[in-house]
Amino acid sequence: MARLFLSVLGTGEYVEAYYQLHDKKIGPTRFVQVATASINCKEWNEDDGILIFTTEEAVRKNWYDGVDGKSSKGLKSCLEELSLKPRIRNVMIPPGFSEEDIWKIFDIMFNEIGKSDRVVFDITHAFRSLPMLAMVVLNYARVVKKISIEGIYYGAFEVLGPIVEVRNKPLEERIVPIFDLTSFDELLCWAIGLDRFISTGNAEAVIALANKIYKPVLKITAGKDEKARKTRILAEKLDQFTSVMATCRGDRIGKVAAELKQAVDSCISFGVVRNTLFPILEDLKRQLDSFNGNVVNDSFYGAYWCSEHNLIQQSYTILRETIITYLLEKLNLDYNDQKLREAAAKAFDELGGVSGTHSVSCVSSEKEVTGLCVSFLKDKPDLVKCFVNLRNFRNDLNHAGMGRKSGSSPKRIREKLKYFLEETKRCMDVL
């Protein structure tokens with residue numbers, strides 16, 4: 001793992017100017033890389049690197065001193081004069097005039113990046129398709145090599161006007177703003193992370209990004225930055241929600257869903273993320289709208305959410321427990337009492353013609369509960385049938401299909417889950 005500064009050297013005839021990023025002004029220099037490297041690489045060490053991608057023409061015109069008979073210094077000398085510790089070198093790339101060239105550039109750039117590197121990229125002189133290609137390389141490396149993108153910069157020399165006019169300006173008036181484009185990469189990460197959570201239920205990318213954003217800000221502000229605090233809460237609530245679903249904590253589903261909705265609302269109203277991300281957050285919020293605080297409703301939609309996010313075994317488990325909760329709540333009994341839940345399950349067994357599935361012997365009061373449940377369920381034969389069949393599939397999953405003459409296929413397990421969800425919703429009128 002190292003820190004890596006990457007940039008592309010162009011072929012133009014560069015003019016001296018000052019380069020300014022926020023309150024830092026560097027120069028005068030012909031090369032924006034002198035400014036961006038100076039700002040980013042001061043604290044780096046010998047294990048880090050400064051890599052400049054160069055074509056043959058760029059080397060000839062701008063890498064070495066005095067090329068083409070001119071007395072101006074090349075980028076190599078200008079970077080070396082900064083006395084930075086990272087090794088400075090150029091990496092040759094083709095001119096990019098063909099699709100084959102572009103793929104070669106991709107491979108060269110990708111191979112220069114190490115595993116878990118922390119990358120800063122100055123894209124100022126990334127000509128033609130290179131800015132887009134660079135972003136593809138970085139995001140591909142983020143997935144394959146687990147890199148982090150620490151900064152993306154662009155020196156907007158064109159704001160000074162045509163090059164002929166710039167040469168006639170006094171040097172002190174040539175102040176080029178450096179645009180910090182890192183937030184655009186951050187926006188992309190938010191979009192990818194939130195979309196991944198919405199489509200798969202995996203919140204790791206959002207949580208990692210939120211941690212990266214809020215931790216240093218809260219440290220600097222002693223926990224007082226409201227935007228960072230709300231970002232932290234969103235990450236925490238996403239983590240809690242996915243953990244509850246993955247571990248089938250049915251008694252907590254409603255609570256964590258409500259807290260996550262509140263965290264999303266708070267982020268939207270406070271503008272924690274840019275407006276461009278609001279549609280994704282609104283989509284997330286719509287996914288949570290089914291949770292309304294009713295224990296049976298929330299438990300059912302927890303099972304439904306799990307089925308939609310490929311948590312098949314969790315969905316079966318939560319759905320079975322939802323039906324028991326529904327039955328006990330209808331009878332105004334404590335649905336958190338384990339023995340009462342066993343008594344309710346026994347009622348389904350009796351009506352479904354199943355025997356010997358509950359080894360715990362019932363005391364008189366529990367037998368009465370079973371009797372009450374049997375009486376209630378006599379008018380709901382479809383729910384009884386659904387419960388008994390669902391339990392068989394759940395048991396098949398819990399035992400990994402082992403010890404059974406004919407375990408169900410993955411396809412059948414998925415198809416039956418959809419049926420059980422629809423049938424349960426139809427039979428349980430509170431939903």
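Numbering of residues begins at 1 and proceeds along the displayed sequence. Given the structure is predicted, the values throughout are model-derived calculations rather than measurements.
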Worked check of side chain to side chain contact (heavy atoms under 4.5 Å, CB included) between L75 and V34: CA-CA 8 Å; L75 178 57; V34 170; 4.1 Å; yes

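- For the pair E236 and R232, the salt-bridge criterion is met [side-chain N within less than 4.0 Å of a carboxylate O].
- Listed for the K145 side chain is a donor-acceptor partner under 3.5 Å among the backbone atoms of F110.
- Taking each heavy atom of E173 and L160 in turn, the nearest pair found is O-CD2, 4.3 Å.
- Ionic pairing of E165 and K169 is not present here: no N-O contact between side-chain nitrogen and carboxylate oxygen is shorter than 4.0 angstrom.
- Between V256 and R249 there is no side-chain heavy-atom pair separated by less than 4.5 Å.
- The aromatic rings of F291 and Y301 lie perpendicular to each other, with more than 60° between the two planes, well past the 30° mark.
- The minimum heavy-atom distance linking G161 with V166 is given by the pair O-CG2, 3.6 Å.
- One N or O on the side chain of T322 and one on the backbone of I318 form a donor-acceptor pair closer than 3.5 Å.
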Pair D334-L328, side chain to side chain contact (heavy atoms under 4.5 Å, CB included): steps then yes or no: CA-CA 7 Å; D334 183 3; L328 292 173; over 6 Å; no

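- The number of heavy atoms from other shown groups lying within 6.0 Å of CZ (R167) is above 12.
- With a 4.5 Å cut-off on side-chain heavy atoms, M1 and D47 do not count as touching.
- Between the side chain of K24 and the backbone N or O of I39 there is no donor-acceptor pair closer than 3.5 Å.
- In this structure, the side chains of I113 and L138 come closer than 4.5 Å at one or more pairs of heavy atoms.
- Side-chain contact annotation: R30 with N62, donor-acceptor N/O pair under 3.5 Å present.
- With values rounded to the nearest 0.5 angstrom, N90 atom CG is found 10.5 Å from T55 atom OG1.
- The side-chain heavy atoms of T231 and C267, taken from C-beta on, include no pair separated by under 4.5 Å.
- T424 contributes atom OG1, which lies 12.5 Å from atom CZ of R320 (distance to the nearest 0.5 angstrom).
- Within 6.0 Å of NZ on K255 lie no more than 12 heavy atoms contributed by other residues, nucleotides or ligands.
- Inter-residue side-chain proximity for R394 and F420 is flagged as unmet; no heavy-atom pair is nearer than 4.5 Å.
- Taking the six-membered ring for Trp and thresholds of 30 and 60 degrees, F121 and F53 have nearly parallel ring planes, at less than 30 degrees apart.
- Formation of a donor-acceptor pair under 3.5 Å by the Q33 side chain with backbone atoms of V8 is found in this model.
- Defined by atom type and a distance below 3.5 Å, a donor-acceptor pair is missing between the side-chain atoms of T11 and K61.
- Heavy-atom contacts from other residues, nucleotides or ligands closer than 6.0 Å to CD of E16 number more than 12.
- Of all the heavy atoms in H125 and V32, the pair that sits closest is NE2-CG1, 3.8 Å.
- Salt-bridge check for R426 with E423: passed, with a basic side-chain N closer than 4.0 Å to an acidic carboxylate O.
- Without hydrogens or angle criteria, N389 side chain to K385 main chain gives a donor-acceptor distance under 3.5 Å.
- S7 pairs in a side-chain contact (heavy atoms from CB on, under 4.5 Å) with only one of the listed residues (D122, T124, L79, I123), which is D122.
- Surrounding CD of E81 are more than 12 heavy atoms belonging to other residues, nucleotides or ligands, all under 6.0 Å away.
- L390 and Y316 make their closest contact through CD2-O, 3.7 Å (heavy atoms, listed as atom of the first residue, atom of the second, distance).
- Open room surrounds CD on E43; 12 or fewer heavy atoms of other groups in view lie less than 6.0 Å from it.
- Other residues, nucleotides and ligands contribute more than 12 heavy atoms inside 6.0 Å of the CD atom of E80.
- The residue from V120, D48, I50 that alone fulfils the side-chain contact (heavy atoms from CB on, under 4.5 Å) condition with R3 is D48.
- F106 and W103 have perpendicular rings, their planes meeting at more than 60° on a 0 to 90° scale where under 30° would count as parallel.
- Of the possible donor and acceptor atoms, one in the side chain of D101 sits under 3.5 Å from a partner among the backbone N and O of G96.
- Side-chain contact between I26 and L21: absent, with no pair of heavy atoms (C-beta onward) separated by less than 4.5 Å.
- Here the CG-CG distance, from L288 to D283, works out to 10.0 Å after rounding to the nearest 0.5 Å.
- Shown here is R142, whose CZ atom has more than 12 heavy atoms of other residues, nucleotides or ligands within 6.0 Å.
- More than 12 heavy atoms of other residues, nucleotides or ligands shown are found within 6.0 angstrom of CD on E158.
- Across all non-hydrogen atoms, the minimal contact from S307 to I312 is O-CD1, 4.3 Å.
- The main-chain N or O of D289 is never found under 3.5 Å from a side-chain atom of Q287 such that the two would form a donor-acceptor pair.
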From CA spacing to verdict: side chain to side chain contact (heavy atoms under 4.5 Å, CB included), I233, R229: CA-CA 6 Å; I233 293 172; R229 192 180 69 83; 3.3 Å; yes

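- Annotation: the span from L281 atom CG to D265 atom CG amounts to 10.0 Å, rounded to 0.5 Å.
- With respect to the salt-bridge test (charged N to carboxylate O, under 4.0 angstrom), the residues R412 and D396 do not qualify.
- Distance alone, capped at 3.5 Å, is enough to place a donor-acceptor pair between the T317 side chain and the Q313 backbone.
- Counting only heavy atoms from C-beta outward, the side chains of F197 and F241 approach each other to under 4.5 Å.
- Using a 4.5 Å heavy-atom threshold, the side chains of Y18 and R174 count as separate.
- Using cut-offs of 30° and 60° on the angle between ring planes, the pair F31 and Y14 is perpendicular.
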Decide yes or no on side chain to side chain contact (heavy atoms under 4.5 Å, CB included) for L51 and R89, but give the supporting numbers first. CA-CA 5 Å; L51 271 62; R89 62 190 177 95; 3.8 Å; yes

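- Between F300 and Y304, the ring-plane angle classifies as parallel under the 30° and 60° cut-offs.
- Remark: R87 CZ to E46 CD distance equals 13.0 Å, nearest 0.5 Å.
- The distance from atom CG of L421 to atom CG of L417, rounded to the nearest 0.5 Å, is 4.5 Å.
- A donor-acceptor contact shorter than 3.5 Å links the side chain of Q314 to the backbone of A246.
- For R341 (side chain) and Y335 (main-chain N/O), a donor-acceptor pair under 3.5 Å exists by modelled atom type.
- Taking both residues in full, the closest heavy atoms of V59 and Y64 are given as CG1-CE1, 3.6 Å, listed atom of the first, atom of the second, then distance.
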